[in-house]
Amino acid sequence: MHEPEGELDELLLVRRSKLRELREKGIEPYGGRYERTHSALEIHTGFTDLEGKEVSIAGRLMAKRGHGKAAFGDLQDFSGRIQIHLRQDEVGPDTYQFFKKLDIGDILGVRGTVFRTKTGEITVGVKALTLLAKSLRPLPEKWHGLKDVELRLRQRYLDLIVNPEVKETFVLRSKVVRALRRFLDDRGFLEVETPMMQPVAGGAAARPFTTYHNALDLMLYLRIAPELYLKRLLVGGFEKVYEINRNFRNEGISTKHNPEFTMLEIYQAYADYTDMMVLTEELVSTAAQEVLGTLEVGYGDTVINLRPPWPRLSFLETVRQRTGIDFSQLDAREAREAAHRMEVEVEQNALWGEAVNAIFEEAVEPALVQPTFVLDYPVDISPLAKRKADDPRLTYRFELFIAGREIANAFSELNDPLDQRERFLKQLDKQQAGDEEAHMFDEDFVTALEYGMPPAGGLGIGVDRLVMLLANVSSIREVILFPLHRPRE
RNA sequence: GAGCCACUAGCUCAGUCCGGCAGAGCACCUGACUUUUAAUCAGGGUGUCGCAGGUUCGAAUCCUGCGUGGCUCACCA
């Protein structure tokens, strides 16, 4: 035993002594396979057919109410809760005493007859009880549940046991992901898996995690994005691909950021960013309709209407409307000065696009509550997007904002290898100027482009943030089962 | 990284302003109770008051430092 019993809390000692008593009586407290015929929910919904019939159920004992020679309990399985009822004159004194000794938290198998009590509660009248797992620790309080955020994360299993809405959120997450996959599969997109460990961490501006492969004596990065590998697949002849998987970014933790998060990236050859806009509208609205059954989504105090089409605003135009400044008429220095006058912080040597973007994020983003596409981002902040034909300072790139938050990012992919090389070189300049988040130069990717990549539209959707929206929660922690936290001690 | 706030029983929380025996509910233990459902009734408090110092006759309470977490801001796709 790991810990000397002398140091255990009395509550824990009591349960361990019950465990010993059970073993002394020849009862194994940790059972094996148990044949179930129904879930708690199935008994509730199928009561009219099941009344008077025998069922087998299993779950965790969540409440006990003794009444002398009869007793009630609540059994909780994944589907919900069902009441059980025992009478000593029906199960006999041994089983009845056995039940009285059970603890809240124990996992039981129950065989019995479905009936309705005189107060109307659908109940299983117990004929036989099987202990499947003895619980040695008390559960959190039955009425208030587990509230302490730190404990909820450190012991998510307790959170899931006692806070039903938490379980609901993660079921919803699973349904959202399933809806996304089904939508894409139905349209002929192929799900692929590209490296999590990459010699060059490309596809985004972020600080990567590093790791090391012994046999190859090789430093590797955990990927910050799958983008450059998915585009290699376009070069290789895959025409419609997607990947739903984790990205890792070595950055701060907040209500909107977790170091590992889930990204959906989609690439479609011979398409462009206008196709990606339609795809985004259909993807998000289909997922919402399938999972929630509605396109009107309550989020905080507001109702978000996801019915397409969504407004498309030009990046520079939204900035002009909010600030009265037409940045297309300014150069980089003037743009930085404008930012400075608005008390928006920008780097001393910020590029034109970086300065405008700083203002955009400050003045425009939070106001984009209903779904809105913002189009044509500056090339300075879009090193992988195709340059606009009619304005070389801009790219065919859009972002989707909902509830003031970026949900999707997409572009007509840059497939000009020479332009791509120059963009990487610019990023290299930034890196040398001390920007730890500048894109890395990926020579092999440029080589791939040199063989020819078909024109393509690419789309990235932050799955966690999409789930946050549909689940109406304000923290990314509420949609990640085990978010990163500092371990104890 | 900065500011504010929190940390007291297994859980949810009072008590801290204004220093004076460590509290409640749930859970748990003992007993009663054959249709309850936050069951009820009678009895029982189970504790490193986050940690370490300091002030004081006396600190959960005041002061300092630290730790962990939350929120906001900053940073960041």
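Order of the sequence lines sets the chain letters (A, B, ...), proteins ahead of strands, with each chain counted from 1. Worth saying up front: this structure is predicted, and the values here are computed from it rather than measured.
Residue-to-nucleotide proximity on RNA chain B shows that, of A/Glu121 and A/Phe401, the 5′-proximal contact is made by A/Glu121. Checking A/Phe261 against A/Gly73, the closest nucleotide of RNA chain B that is more toward the 5' end is the one next to A/Gly73.
When the P atom of B/U35 is taken as reference, atom CD of A/Glu90 falls 13 Å away, rounded to whole Å. Look at NZ on A/Lys100: it is 13 Å from C1' on B/C29, rounded to the nearest Å. One atom, CZ of A/Arg15, and another, C1' of B/C29, lie 12 Å apart when rounded to the nearest Å. One can place CG of A/Leu86 at 15 Å from C1' of B/U37, the figure rounded to the nearest angstrom. Rounded to an integer number of Å, the gap from CG of A/Leu12 to P of B/A9 is 15 Å. Note: CZ (A/Arg486) to C1' (B/G50) measures 15 Å, nearest angstrom. Atom NZ of A/Lys69 and atom P of B/G31 are 13 Å apart (whole Å). Across the protein-nucleic acid pair, A/Asn409 atom CG and B/C76 atom P stand 16 Å apart, rounded to whole Å.
Nucleic acid contact for A/Ala205: sugar-phosphate only, since backbone atoms but no base atoms lie under 4.0 Å from a heavy atom of the residue. Counting non-hydrogen atoms under 4.0 angstrom, A/Glu406 reaches a base of the nucleic acid. In this structure, A/Lys256 reaches neither bases nor backbone, as no heavy-atom distance under 4.0 Å exists between it and the strands shown. Using a 4.0 Å heavy-atom cutoff across all strands shown, A/Ser254 reaches no nucleic acid atom at all.
For B/C26 and B/A38, the C1' atoms lie 9 Å apart once the distance is rounded to whole Å. Nucleotides B/G45 and B/G50, compared at atom P, are 24 Å apart to the nearest Å. The same atom, C1', is picked in B/C13 and in B/G54; the two are 30 Å apart, to the nearest Å. Look at the C1' atom in both B/G44 and B/A24: the space between them is 15 Å, to the nearest Å. Going from the C1' atom of B/U40 to that of B/G25 covers 16 Å, rounded to whole Å. Taking atom C1' in both B/C73 and B/C28, the straight-line distance is 45 Å, to the nearest Å. B/U36 and B/U46 have their P atoms separated by 35 Å, with the value rounded to a whole Å.
For the segment residues 341-355 of chain A, the set of residues with a heavy atom within less than 4.0 Å of an atom of RNA chain B is empty. Residues from residues 110-117 of chain A placing a heavy atom under 4.0 Å of any atom in RNA chain B, listed by number, are A/Phe115, A/Thr117. Residues of residues 145-166 of chain A that place a heavy atom closer than 4.0 Å to RNA chain B, in numerical order, are A/Gly145, A/Leu146, A/Lys147, A/Asp148, A/Val149, A/Glu150, A/Leu151, A/Arg154.
Cation-pi contact between A/Arg232 and A/Tyr229: present, with separation from the ring centre below 6.0 Å and deviation from the ring axis of at most 45°. A/Phe47 carries A/Arg116 over the face of its six-membered ring, with the cationic atom under 6.0 Å from the centre and within 45° of the normal. Taking the ring axis of A/Tyr377 as reference, the NZ or CZ atom of A/Arg397 stays within 45° of it and closer than 6.0 Å to the ring centre. Cation-pi check for A/Lys231 over A/Tyr267 is not met; the charged atom does not lie both under 6.0 angstrom from the ring centroid and within 45 degrees of its normal. A cation-pi arrangement is absent between A/Lys25 and A/Phe98 under the rule of less than 6.0 angstrom and at most 45 degrees off the ring axis.
Taking only distance into account, the side chain of A/Gln83 meets the base of B/U36 through a donor-acceptor pair shorter than 3.5 Å.
Ion pairing between a basic and an acidic side chain is recognised when a charged N comes within 4.0 Å of a carboxylate O; A/Lys134 and A/Asp103 show such pairing.
Residue A/Arg87 has no polar side-chain atom (N or O) positioned under 4.0 Å from OP1 or OP2 of B/U36. Applying the 4.0 Å criterion to OP1 and OP2 of B/G70, one finds that A/Arg477 has a side-chain N or O inside that range.
The distance from the CD atom of A/Glu265 to the OG1 atom of A/Thr194 is 8.0 Å, given to the nearest 0.5 Å. Between A/Leu153 atom CG and A/Asp159 atom CG the span is 7.5 Å, to the nearest 0.5 Å.
In this entry B/U48 has no Watson-Crick or G-U wobble partner, no candidate having both defining distances under 3.5 Å.
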So if I define the base as every atom that isn't primed, P, OP1 or OP2, how would nucleotides 1-6 of chain B read as a B/S/- string at a heavy-atom cutoff under 4.0 Å? ------

Across nucleotides 38-46 of chain B, 5' to 3', mark each nucleotide with B, S or - according to how protein heavy atoms within less than 4.0 Å reach it. BB------S

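Residues passing the ring pair (Phe, Tyr, Trp, His ring centres under 6.0 Å) test with A/Tyr396 are A/Tyr273, sequence neighbours excluded.
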